[in-house]
Amino acid sequence: SNQGGATETPSEGDTGGDAASTSKSFFINPKSIGPAYWAAAEKGVKQAGEDLGVEVVFNAPSTTDSAQQINMIQDMLTRQVNGVGVAPNDPEAVAPVFSNALSQDVQVVTWDSDAPDTDRKYYIGAATDAELGEQFAEMIANQIGGSGKVAFMVASLSAQNQTAKVDAATAYLEANHPDVEVVTTVSSDDDQQKAYENAQNLISTYPDLKGLVGFAGAEAPAAAQAVEEAVNAGNIEQGKIKIAGFAVPSLVKEYLENGTIEEMVTWDPSKLGYTTVYTLNLLTDGEDVEDGMEIPNVGSIKVNGDIILTGTDVLTKDNVADFGF
Amino acid sequence: MANIFKRREAPIILFTIVLFCIFSLISSNFLKPDNLGLILTQITTTGLISIGMLMVILFGGIDLSVGSVLAVVATVVGMLVNAGINPFVAALIGMVVGAICGAFNGLFIAWFNIPEIITTLATMFIFRGIAVAISGGEWVTNFPDSFNFFSQGKIIGIPVPIALFATGAIMFGYILSQTRFGRRVYAIGGNKEAAKLAGMSTRKTKFLVYISSGMLTSVAAVIYASQVGSIQASTAGSGIEFTVIAAVLVGGASIFGGVGTMLGTAFGVLLMGMIKNGLVLTQASVYWVDATTGFILILAIIINTVQRSRNLASREGDLV
Amino acid sequence: MYQMDKPILIMEGITKEFPGVKALDGVDFELYPGEVHALMGENGAGKSTLMKILSGVYQHTAGKILLNEEEVTLNNPTVAQELGISIIHQEFNLFPNLSAAENIFIDRKEIISASGKINWSRMNAEAKALTESIGADIDVRREVQYLGVHSQQVIEIAKALSFNAKILIMDEPSAALPEDEVQKMFDVVKQLRNNGVAIVYVSHRMNEIFKIADKVTVLRDGGKVSTNKITETTEDQLISEMVGKEVGDLYPDKTKRIFNESVLNVNDFDITSKHKVSFSLRRGEILGFFGLVGSGTHTLAERIFGLKKGKGTVEINGKSILIKNPKDAMKQGIAYLPPDRHRQGLVKESSIRENMTLPILKRISNGLIIDKKAEQVINEEYIEKLSIKTPSQNQVVNLLSGGNQQKVVLAKWLTTKPDILIMEEPTRGVDVGAKAEIYRLINELSLSGLSIILISTEMPELIGMSDRILVMNEGNIVNEFKNGEADQQKLLKEASNSIDKMVV
Amino acid sequence: MNLVKEEVNTRLKRLPSIKINTISILVILLAGLLIFFSTQSPYFLTTLNITNVLVQVTTIGLIAIPMTYVIISGAMDLSVGSILGLSAVTLGFLYESGTNIWVSVVLALVVGALAGALNGLLIARYKMQAIVVTIGTLVMLRGLVYIITKGKPISGYPDSFYFLGQGKVLGIPFSVIVMMALFSIAYILIKKTRIGRYTYALGNNEEAVRYSGINVVKVRFLTFVMSGLFAGIAAIFYVSRYASAQASAGDGIELDVITAVLIGGTHIFGGRGSLVGTFLGVLIIGTLRNGLNLMGVSVLFQTVILGVLILVAVSRQNK
Ligand SMILES: Nc1ncnc2c1ncn2[C@@H]1O[C@H](COP(=O)(O)OP(=O)(O)OP(=O)(O)O)[C@@H](O)[C@H]1O
Ligand SMILES: Nc1ncnc2c1ncn2[C@@H]1O[C@H](COP(=O)(O)OP(=O)(O)OP(=O)(O)O)[C@@H](O)[C@H]1O
Ligand SMILES: [Mg+2]
Ligand SMILES: [Mg+2]
């Protein structure tokens with residue numbers, strides 16, 4: 001029954017095929033299938049499945065659709081998995097299906113994006129949205145010297161993890177860098193071309209723009225591409241517009257190397273995936289996570305109440321080559 | 001002069017001009033040459049795809065698969081250039097791939113007689129799956145600098161994307177309005193049965209149109225890849241079919257086929273691009289962008305309809 | 001150049017089978033240069049099929065075709081055209097979105113210059129010359145969808161002529177043409193014949209056949225019945241050959257009819273904002289309307305039935321009524337049989353049953369649910385009354401012959417139990433047998449008290465059926481003919497005279 | 001004349017058999033899926049799972065009902081997803097700002113119907129092309145949703161409201177009961193009433209319907225109002241089931257709905273189609289998704305399979 005090929009992971013080449021079928025199975029649910037961010041996370045998930053000898057299913061709808069995501073979780077509960085790790089598209093909407101899971105003794109954690117008002121046991125993230133938002137804000141403020149106009153670029157106007165970061169960043173700037181003005185927030189709807197055109201239009205709209213902050217994976221490279229082009233075309237000077245926010249190292253490598261981007265915040269989604277499976281495995285064994293615990297392939301984690309953080313890195317041209325994703 | 005207003009494209013051209021003026025009034029940055037250049041660059045991908053879509057719509061068909069074709073070609077071309085293949089060779093291979101996708105659509109539509117919307121709905125899903133499978137779910141990125149030619153290069157002083165779109169539009173505008181093949185497209189869209197009786201091969205013509213459409217989409221895909229710099233097969237170009245269809249229809253084409261021109265389509269594309277750019281430039285609240293876009297679209301449709309009924313009212317007949 | 005005594009075309013034993021149907025069964029047909037050869041037969045007799053085979057649209061299943069004594073294979077329309085055979089199809093085959101000139105020269109090599117570009121100026125000039133040669137004045141650059149029916153017919157003819165055909169097939173070319181245009185077309189046909197072109201002329205209109213044809217061939221049920229010189233046959237003989245039995249008088253006896261009360265009074269009624277008409281219709285009367293294209297008869301009908309918006313009231317049974325839409329008209333007992341049954345009359349993919357009760361669904365519903373029983377009863381009643389030939393009321397109307405389709409449209413309106421029935425071109429494209437039946441029906445209806453407005457461009461029909469004929473010209477009623485007063489010359493003269501010379 | 005009769009008879013035999021074929025092919029297809037998946041997963045053929053599938057298809061199912069009418073009548077409505085979103089956030093917004101939940105529900109339905117009426121007005125009354133208009137309203141109404149919510153999901157409804165989307169009657173989810181009931185009513189409407197006749201006739205020959213004295217503007221208008229209203233109903237169940245009204249609710253659902261309707265044998269150019277077919281189409285899509293999920297097949301392959309299914313199942317729909 002292994003038609004799933006690419007994504008079903010009955011621990012290929014594992015030591016005991018039998019062990020896998022009698023042991024636990026987890027459903028790890030990203031926001032959607034397809035985006036490379038999630039593909040990177042999938043690697044960690046698979047690796048953890050292999051290392052721990054558990055079956056993991058990594059699947060999601062092809063778009064970030066909350067209803068379809070919940071349907072899929074429901075289907076996997078029917079399949080009697082032992083644990084689910086969900087990156088919810090709508091943090092409120094998953095509440096009923098989570099309590100349903102709990103009533104069936106299925107362990108539930110969220111990862112990458114939290115649903116705090118639900119029955120989930122833990123949230124696994126690189127840092128909290130508030131921390132990240134503040135980190136982005138501080139980074140851009142520093143780069144532009146504490147004053148000037150910046151614009152925010154998000155992947156979605158309705159995704160909780162995006163809006164939470166934006167709110168935190170805005171509040172942080174107001175409190176700590178009152179001279180930094182956030183002129184607007186634009187959304188790419190997860191479409192790279194739109195992100196790129198948004199960046200172009202922003203550069204054109206605000207001649208005195210000093211910074212662009214990317215809140216999701218596709219934004220920073222699009223911003224960098226647009227800035228680089230504007231510089232090459234002689235429309236703006238090199239270094240006039242700074243870029244901060246989140247980035248996937250492999251996507252911004254060339255921009256870091258050619259100086260279009262100075263530094264970015266990053267984290268490895270595969271570590272999030274690994275930690276998620278690891279945590280579910282502990283929970284289903286009746287154990288628990290501890291603050292400062294070492295997780296293989298991930299490193300030490302911070303546990304703060306029901307939040308597990310794997311930590312972030314600052315990406316610069318000196319270390320960008322060290323990241324394997 | 002009076003003739004100009006009778007043309008089918010007149011309302012959309014006027015509308016575009018009016019909107020242009022409004023944006024210029026609201027935002028001083030809108031009229032800057034840089035920004036105008038920007039708008040032109042930004043419309044090149046949708047523009048190139050619209051040319052193929054116009055021909056498909058002239059047949060009375062519709063092509064929902066263009067976004068997925070774009071993803072397939074962009075992925076293939078991106079992987080090829082990253083594998084060290086010369087960008088121009090890669091682009092040519094991409095066009096072959098696009099042509100094959102088009103031929104696949106054409107085969108089902110022209111030979112197996114499956115309605116366009118059904119075939120292309122299916123291939124929209126299928127091609128997208130193929131694109132992701134080819135990419136292995138990975139981002140295709142970090143292209144060599146030489147690949148930048150397709151977004152930043154210039155041919156006789158004109159940015160390459162604009163030059164490609166302009167060439168495509170003029171070439172197909174000419175083919176559609178001045179050659180036997182082009183008039184066949186209109187004839188078949190106007191009355192398929194009559195076209196058959198006049199001895200035209202509707203199959204062959206349709207097949208060729210789908211292949212051209214695939215190739216045009218692949219040129220767009222190359223520009224896309226070069227402009228955006230990174231391709232995510234699962235999302236690249238998804239939803240672009242709506243923008244493109246909207247542009248063609250707003251440009252005066254009829255979904256029932258036979259009616260529409262390259263000039264109108266070009267203005268439709270321009271209008272769509274201008275709205276997108278203008279709404280950012282006028283600093284409209286981000287939450288209002290979609291609503292305003294939709295409203296302007298509907299306005300454009302209304303204006304087109306008014307024009308059409310005015311034309312119909314002038315129909316010769318029994319004391320209308 | 002050509003030899004009058006040698007057939008240009010010989011069709012031998014032509015058989016055509018469609019899945020489950022033998023449309024033609026061993027038909028022989030010969031055609032000589034410089035003759036007009038009429039082809040007649042009931043609806044579905046196989047005329048169009050035979051002509052489609054000759055023009056390369058269909059391929060015959062058996063038999064052979066000799067052109068100038070050489071056997072030919074006509075496997076597509078282009079081959080036939082290249083061999084000098086061109087056809088004006090029964091249904092219009094125009095591209096509404098293209099200009100008149102383009103329609104005439106669509107897909108033709110002649111108008112492509114060496115560079116592959118279309119030579120517009122040459123095409124427009126030739127198109128203009130061609131249409132003028134038929135005596136028509138149309139703007140050949142105009143899109144066909146904005147042209148009227150007769151211009152469209154002109155384009156069809158011009159298109160066929162543009163091939164310099166040696167054989168010209170005209171399949172019911174007059175069906176959509178008014179009488180004066182038919183005259184012009186005949187002039188063209190005669191001219192072509194004198195130039196040695198062989199013409200096949202398919203028509204249901206008997207008077208035309210005798211006016212234009214040299215020979216006539218009759219088909220019945222896919223087989224050939226006879227070929228005769230026109231001078232050696234008579235109308236009655238042709239009819240009985242077509243139908244396979246004797247048919248009595250086509251038109252009923254109208255001499256002893258008297259009318260009193262008027263049912264419908266139309267006073268200064270707007271046809272357009274500029275044109276007003278007045279007339280009255282009496283109970284049981286058949287009031288004929290004659291007019292050329294653009295005369296306003298059609299608009300008048302649509303206005304009275306509420307299909308076209310406008311101001312003005314009509315008086316029905318003495319009460320003044322404003323009709324804003326067809327519903328208002330139907331409430332007043334008005335029904336309207338439209339001129340084009342394919343476009344306006346029938347939902348062709350639906351059954352007879354569904355078509356027939358479409359206007360009265362509300363009446364035969366219990367609450368929301370349609371009363372199937374009542375519907376079936378009504379259907380049975382009218383299928384019998386109008387002798388509609390069908391295996392069942394669930395038959396899809398698409399599969400009926402033209403005459404029977406027309407009867408379904410008529411039945412559809414009779415189910416509304418109208419007091420006033422407006423009929424426009426009630427027998428267009430209908431064969432003579434079915435025509436006779438429809439005339440019988442119209443007459444019976446009027447005798448039972450139904451008042452009828454009969455709008456037609458077929459003069460024999462008007463003269464034969466009407467109690468009175470009103471002639472319209474440029475939006476005005478210009479004359480009235482009582483029963484027995486009208487003949488074709490008078491009607492045509494009134495209808496085509498310039499308006500300013502007219503005194504009403 | 002025998003010839004004609006003969007032909008008529010062979011045609012007659014062929015016609016109804018075509019109809020039966022569509023439905024029976026769909027039934028065979030569905031049965032095939034059921035058998036296949038039950039051999040693939042022990043969890044598939046369980047009451048729980050079947051219930052799941054039925055609940056999951058309610059959104060698509062509810063919208064597919066009027067979509068069948070709209071497509072049969074020869075038009076198309078691409079804006080249903082946006083209308084769903086608009087109704088959902090209207091409900092959330094009203095409740096959040098203190099309106100009684102049931103009043104909010106009714107007003108959300110009204111908003112859905114009004115959005116449909118806007119489409120109807122432009123398409124039926126002003127004769128604009130349905131696809132174009134509904135692409136316009138798709139964009140515009142979704143924009144309106146973002147204006148209302150500023151992107152934030154609205155949650156926290158009273159328990160009584162959750163009954164709609166989460167409650168059960170006699171072990172059957174209430175939403176499923178409602179969907180079945182509406183399918184049945186719609187079936188009766190299209191089969192046995194004037195409205196159905198007009199809908200089919202409109203898709204076949206609008207002119208002929210107009211010349212029959214029927215107000216075609218009204219009929220077409222009503223199909224679009226119905227489309228909006230049902231998108232509103234779907235929104236209510238959506239919000240109740242997911243306990244949240246999100247700005248992206250219903251985004252892209254039009255493709256699923258149209259796919260279901262087309263798989264169900266409704267003719268894309270109008271005039272032909274059936275609600276039974278649509279119902280089967282909805283079930284086929286739902287079953288396929290669910291079964292493939294249970295097998296752990298990635299959605300990317302699922303969409304390819306769906307694509308192939310469309311080509312195979314709908315390919316008989318020649319023009
Ligand atoms: N495409 C077709 N497929 C199947 N049968 C056909 C087709 N076309 C015509 N027929 C059959 O051929 C017979 C002859 O039809 P045809 O159209 O030649 O009649 P006709 O003499 O031109 O009638 P009319 O006077 O109504 O034009 C019909 O009865 C019908 O059964
Ligand atoms: N595609 C077809 N398949 C089967 N029978 C056909 C087909 N087309 C036409 N027929 C049959 O051919 C006969 C005549 O057809 P045709 O379309 O020439 O007729 P008509 O109804 O007389 O039209 P008109 O009013 O234009 O003369 C009818 O009996 C019809 O059933
Ligand atoms: Mg015929
Ligand atoms: Mg006929």
Side-chain angles (χ1 to χ4, degrees), chain B residues 57 60 62 64-65 68 108-109 112-119 121-133 137 192 233-234 238-239 242-243 245-246 248-250 253-256 285-302 304-306 308-309 312, chain D residues 71 74 76 78-79 82 118-119 122-123 126-151 247 251-252 254-255 258-259 262-263 267-269 298-319:
Chain B
I57 286 180
I62 201 156
L64 298 176
S65 72
S68 300
F108 279 89
I109 291 163
F112 301 143
N113 262 332
I114 305 177
E116 278 89 344
I117 190 167
I118 292 170
T119 303
L121 180 68
T123 55
M124 173 177 92
F125 292 132
I126 295 170
F127 293 155
R128 177 71 60 187
I130 290 174
V132 177
K192 200 170 133 202
S234 61
S238 85
F242 277 114
T243 315
I245 292 169
V248 174
L249 296 180
V250 162
S254 160
I255 198 79
F256 305 113
S285 152
V286 57
Y287 296 109
W288 282 85
V289 170
D290 274 359
T292 317
T293 308
F295 181 72
I296 296 176
L297 274 184
I298 290 176
L299 216 59
I301 302 161
I302 291 176
N304 270 338
T305 310
V306 170
R308 198 188 55 201
S309 34
L312 274 179
Chain D
I71 295 183
M76 178 64 83
L78 296 176
S79 68
S82 296
L118 173 67
N119 284 331
L122 295 175
I123 295 162
Y126 295 107
K127 310 261 176 283
M128 299 185 190
Q129 298 179 8
I131 290 193
V132 203
V133 168
T134 56
I135 287 182
T137 48
L138 170 135
V139 179
M140 187 174 80
L141 297 178
R142 180 65 65 190
L144 216 54
V145 171
Y146 278 90
I147 295 172
I148 295 173
T149 63
K150 297 279 181 288
D251 198 8
E254 62 279 355
L255 280 185
I258 291 168
T259 306
L262 293 182
I263 287 182
H267 227 269
I268 190 70
F269 301 110
S298 163
V299 286
L300 294 171
F301 293 94
Q302 292 189 18
T303 50
V304 174
I305 292 169
L306 186 64
V308 173
L309 179 79
I310 294 172
L311 275 186
V312 174
V314 191
S315 60
R316 290 159 298 114
Q317 225 189 68
N318 293 355
K319 280 195 229 184

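Since the model is a prediction, treat every value here as computed from it, not as a measurement. Residue numbers start from 1 in every chain, and the chains themselves are labelled A, B, ... in the order their sequence lines are given, proteins ahead of strands.
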Residue part contacting chain B, namely of D:Thr149, when any heavy atom lies under 4.5 Å
neither
Which one, D:Leu306, D:Ile310, D:Ile147, D:Thr137, leads in non-hydrogen pairs under 4.5 Å with chain B?
D:Ile147
Side chain to side chain, D:Thr303 and B:Arg128, heavy atoms closer than 4.5 Å
no
Enter the distance from B:Ile126:CD1 to D:Ile305:CD1 here, rounded to the nearest 0.5 Å.
10.5 Å
Need one label for B:Thr292: side chain, backbone, both or neither, based on atoms under 4.5 Å from any heavy atom in chain D.
neither
Who among D:Ile131, D:Val133, D:Val132, D:Ile258 has the most heavy-atom pairs with chain B under 4.5 Å?
D:Val132
D:Leu78 portion near chain B, given a 4.5 angstrom heavy-atom threshold
side chain
Taking atom CD1 of B:Ile118 and atom NE2 of D:His267, what is their separation to the nearest 0.5 Å?
8.0 Å
Quick check for you: among B:Leu297, B:Leu121, B:Thr293, which has the greatest number of heavy-atom pairs under 4.5 Å with chain D?
B:Leu121
Test your reading of the model: is there a side-chain donor-acceptor pair from B:Tyr287 to the backbone of D:Lys150, 3.5 Å cut-off?
yes
Quick one: closest heavy-atom pair of D:Gln129 and B:Leu249, and the distance?
OE1-CD2, 4.2 Å
Would you check if D:Leu311 and B:Phe112 make a side-chain contact, meaning some heavy-atom pair closer than 4.5 Å?
no
Closest heavy-atom pair and its distance - B:Pro115, D:Ile268:
CB-CG2, 3.9 Å
Chain B contact via D:Val308 - which portion, at a heavy-atom distance below 4.5 Å:
both
Min side-chain heavy-atom separation D:Leu122-B:Ile301 under 4.5 Å:
no
Checking heavy atoms, do the side chain of B:Phe108, its backbone, both or neither come under 4.5 Å from chain D?
side chain
Counting only heavy atoms not in B:Phe242, do more than 12 fall under 6.0 Å of its CZ?
yes
Max heavy-atom pairs within cutoff under 4.5 Å with chain B, candidates D:Gln302, D:Met128, D:Lys127, D:Arg142, goes to D:Met128
Nearest heavy-atom approach of D:Gly307 to B:Ala122 is O-CB, 3.1 Å
Looking at D:Val304 and B:Phe125, what are the two nearest heavy atoms and their distance?
CG2-O, 4.0 Å
Is B:Ile302 in contact with chain D via its backbone, its side chain, both, or neither, using a 4.5 Å heavy-atom distance?
both
Value rounded to 0.5 Å, distance of CH2 in B:Trp288 from CG in D:Leu144:
7.5 Å
With a 4.5 angstrom heavy-atom cut-off, could you sort out which part of B:Ala253 is near chain D: side chain, backbone, both or neither?
backbone
Where does B:Ile117 contact chain D at under 4.5 Å (heavy atoms): side chain, backbone, both or neither?
side chain
For D:Val139 and B:Gly294, the nearest pair of non-hydrogen atoms, with its separation, is CG1-N, 3.7 Å
